[in-house]
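So that the names make sense, note that chain A is the first sequence line, chain B the second, and so on, each numbered from 1.
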Amino acid sequence: MPELPEVETVRRGLEAAMVGARLAAVKQRRPDLRFPFPERFAERLIGQRVEALRRRAKYLIADLDGAEVLIMHLGMSGSFRIEQARGPIPGAGVKNSLHDHVAFDLSTGARIVYNDPRRFGFMQLIPRPEFAGHPLFHNIGIEPLGDEFDGATLARLFAGKTTSLKAALLDQTLIAGLGNIYVCEALHRAGLSPRRAAGSLVRKDGTPSARATRLARVIRAVLNEAVAAGGSSLRDHRKTDGALGYFQHSFRVYGRDLEPCARCGGAVRRIAQAGRATFYCGGCQR
DNA sequence: AGTTGCACCTGGCTGC
DNA sequence: TGCAGCCAGGTGCAAC
């Protein structure tokens with residue numbers, strides 16, 4: 001489900017509820033999600049105060065006042081909802097909560113519930129000093145909404161690459177946080193074919209072409225617009241208050257195969273790249 | 001080294 | 001109505 005805008009939307013919702021609060025009760029209702037939970041997961045969390053909630057790539061990172069950080073990844077179908085705690089956290093097998101896997105009761109009386117039908121998400125506890133060098137993070141690429149992301153950076157990252165633009169933009173070790181939707185949308189806005197070689201955006205002397213500069217600009221724009229819209233809700237993504245994001249209404253190519261391109265009137269096509277669907281307009285994306 | 005394919009899961013949709 | 005088949009926003013690893 002969640003690419004950068006969806007994770008950022010969730011982060012903002014959780015931040016408002018969690019930062020400054022203590023974890024009064026934690027329930028973990030199964031031994032694993034994508035990976036096993038850390039040893040003594042609940043025990044290590046109870047009593048901790050949440051000092052900050054950050055996002056890096058598609059990861060949520062809760063800074064705790066102890067020595068650890070809580071890492072949370074939503075996988076494909078994870079979501080958080082915030083409700084008022086009424087009574088103890090239900091155990092497993094309770095009706096209507098089959099995929100509620102973790103719940104945190106806060107000192108404020110709020111309850112944060114993690115739901116994830118496909119269980120591709122995971123949670124991890126990492127000592128705070130080691131967190132940046134942890135295998136999950138040490139190889140993660142640049143933040144596309146960060147100050148240093150521009151055409152020159154894109155050129156540096158893509159120089160010499162013969163792989164497709166689509167694959168290069170999805171590569172989390174280069175740029176962190178883009179997924180299938182926003183790559184398709186950004187390439188359409190930039191008028192660039194997803195099949196073009198990534199290195200073709202770089203001049204011989206290593207400086208960015210006008211295309212690289214434009215692509216960096218539209219990536220930033222599409223992500224900012226999506227964050228402002230609360231992300232894209234196709235099926236699973238919800239804001240923490242249960243509301244839907246609405247950026248899906250702004251898609252220009254994603255999921256629109258056989259429809260006319262709004263820019264040039266050409267037909268939007270769907271192809272497969274590296275086993276994943278790519279949507280683009282063959283008329284105006286070159 | 002760089003790519004591709006597959007695996008991990010469940011649920012929703014399509015078509016027979 | 002049922003069921004098989006296919007597809008899905010992510011990522012890590014094995015295999016070419």
Trainee: Salt bridge between A/E130 and A/R128, side-chain N to carboxylate O under 4.0 Å?
Mentor: no
Trainee: Can you give me every donor-acceptor pair (side chain of residues 278-286 of chain A, partner residue at least two apart or in another chain, under 3.5 Å) with its distance?
Mentor:
unit_1	atom_1	unit_2	atom_2	d
A/T278	OG1	A/K166	NZ	2.7
A/T278	OG1	A/Q273	OE1	2.7
A/Y280	OH	A/R269	NH1	2.8
A/Q285	OE1	A/C281	N	2.8
A/Q285	NE2	A/L187	O	3.3
A/Q285	NE2	A/L192	O	2.8
A/R286	NE	A/G283	O	3.4
A/R286	NH2	A/G283	O	3.3

Trainee: Can you check the A/L169 CG to C/dG10 P distance for me, whole Å?
Mentor: 13 Å
Trainee: Under 3.5 Å, is there a donor-acceptor pair between the A/R29 and A/S97 side chains?
Mentor: yes
Trainee: Which nucleotide in the list C/dG10, C/dC7, C/dG9 gets nearest to the side chain of A/K58?
Mentor: C/dG10
Trainee: Among all residues two or more places apart in sequence or in another chain, which pass the ring-ring contact (aromatic ring centres under 6.0 Å, His included) test with A/Y59?
Mentor: A/H73, A/F137
Trainee: Using whole Å, what does the distance between atom C1' of nucleotide B/dG2 and atom NZ of A/K161 come to?
Mentor: 8 Å
Trainee: Would you please name every residue forming a side chain to side chain contact (heavy atoms under 4.5 Å, CB included) with A/N139, sequence neighbours left out?
Mentor: A/T173
Trainee: Below the 4.0 Å mark, does C/dA8 have OP1 or OP2 next to a side-chain nitrogen or oxygen of A/R270?
Mentor: yes
Trainee: Roughly how far apart, to the nearest Å, are B/dT3 and C/dG9 at atom C1'?
Mentor: 22 Å
Trainee: Do NZ/NE/NH1/NH2 and the carboxylate oxygens of A/E143 and A/R55 come within less than 4.0 Å?
Mentor: yes
Trainee: For DNA chain B, which residues in residues 248-262 of chain A have a heavy atom at a distance below 4.0 Å?
Mentor: none
Trainee: How many Å lie between NZ on A/K166 and P on B/dT4, as a whole number?
Mentor: 11 Å
Trainee: Over how many whole Å does the gap from A/L174 atom CG to B/dA1 atom P extend?
Mentor: 15 Å
Trainee: Write down the distance separating the P atoms in B/dA1 and C/dT11, rounded off to the nearest Å.
Mentor: 23 Å
Trainee: Is the A/F37 ring parallel, tilted or perpendicular to the A/F41 ring (thresholds 30°, 60°)?
Mentor: tilted
Trainee: Applying a 4.0 Å non-hydrogen cut-off, can you work out what A/A167 is touching in the nucleic acid: base, sugar-phosphate, or nothing?
Mentor: nothing
Trainee: Would you call A/E8-A/R11 a salt bridge at under 4.0 Å N-O?
Mentor: yes
Trainee: Can you run through DNA chain B from 5' to 3' and write each base as (, ), [, ], | or . depending on how it pairs? Watson-Crick or G-U wobble, both distances under 3.5 Å.
Mentor: .|||||||.|||||||
Trainee: Would you say A/T162 reaches B/dT3's phosphate, i.e. side-chain N/O to OP1/OP2 under 4.0 Å?
Mentor: yes
Trainee: Round to a whole Å and report the spacing from CD of A/Q172 to C1' of C/dG10.
Mentor: 8 Å
Trainee: Rounded to the Å, how far apart are A/F122 CZ and C/dT11 C1'?
Mentor: 8 Å
Trainee: Once you measure the plane-to-plane angle for A/F247 and A/Y182, does it fall in the parallel (<30°), tilted (30-60°) or perpendicular (>60°) bin?
Mentor: tilted
Trainee: Could you check how far CE of A/M72 sits from C1' of C/dG10, rounded to whole Å?
Mentor: 17 Å
Trainee: Reading nucleotides 8-15 of chain B from the 5' end, what letters show protein touch, with B for base, S for backbone sugar-phosphate only, - for no heavy atom under 4.0 Å?
Mentor: BBBS----
Trainee: For the pair made of CZ in A/F279 and C1' in C/dA8, what is the distance, rounded to whole Å?
Mentor: 10 Å
Trainee: Taking NZ, NE, NH1 and NH2 as the nitrogens, is one of them in A/E148 or A/R156 under 4.0 Å from a carboxylate oxygen of the other?
Mentor: no
Trainee: Taking the P atom in each of B/dC9 and C/dC3, what is the distance between them to the nearest angstrom?
Mentor: 24 Å
Trainee: What contact category does A/Y59 fall into here, base, sugar-phosphate, or nothing, at under 4.0 angstrom with non-hydrogen atoms?
Mentor: sugar-phosphate
Trainee: Is there a salt bridge (Lys or Arg N to Asp or Glu O under 4.0 Å) between A/K58 and A/E3? Walk through the geometry before answering.
Mentor: CA-CA 6 Å; A/K58 299 170 192 170; A/E3 305 182 30; 5.7 Å; no
Trainee: Taking side chain as C-beta onward, heavy atoms only, is A/L74 less than 4.5 Å from A/D116?
Mentor: no
Trainee: In terms of side-chain heavy atoms of A/A274, which of B/dT4, B/dT3, C/dG9 is nearest?
Mentor: B/dT4
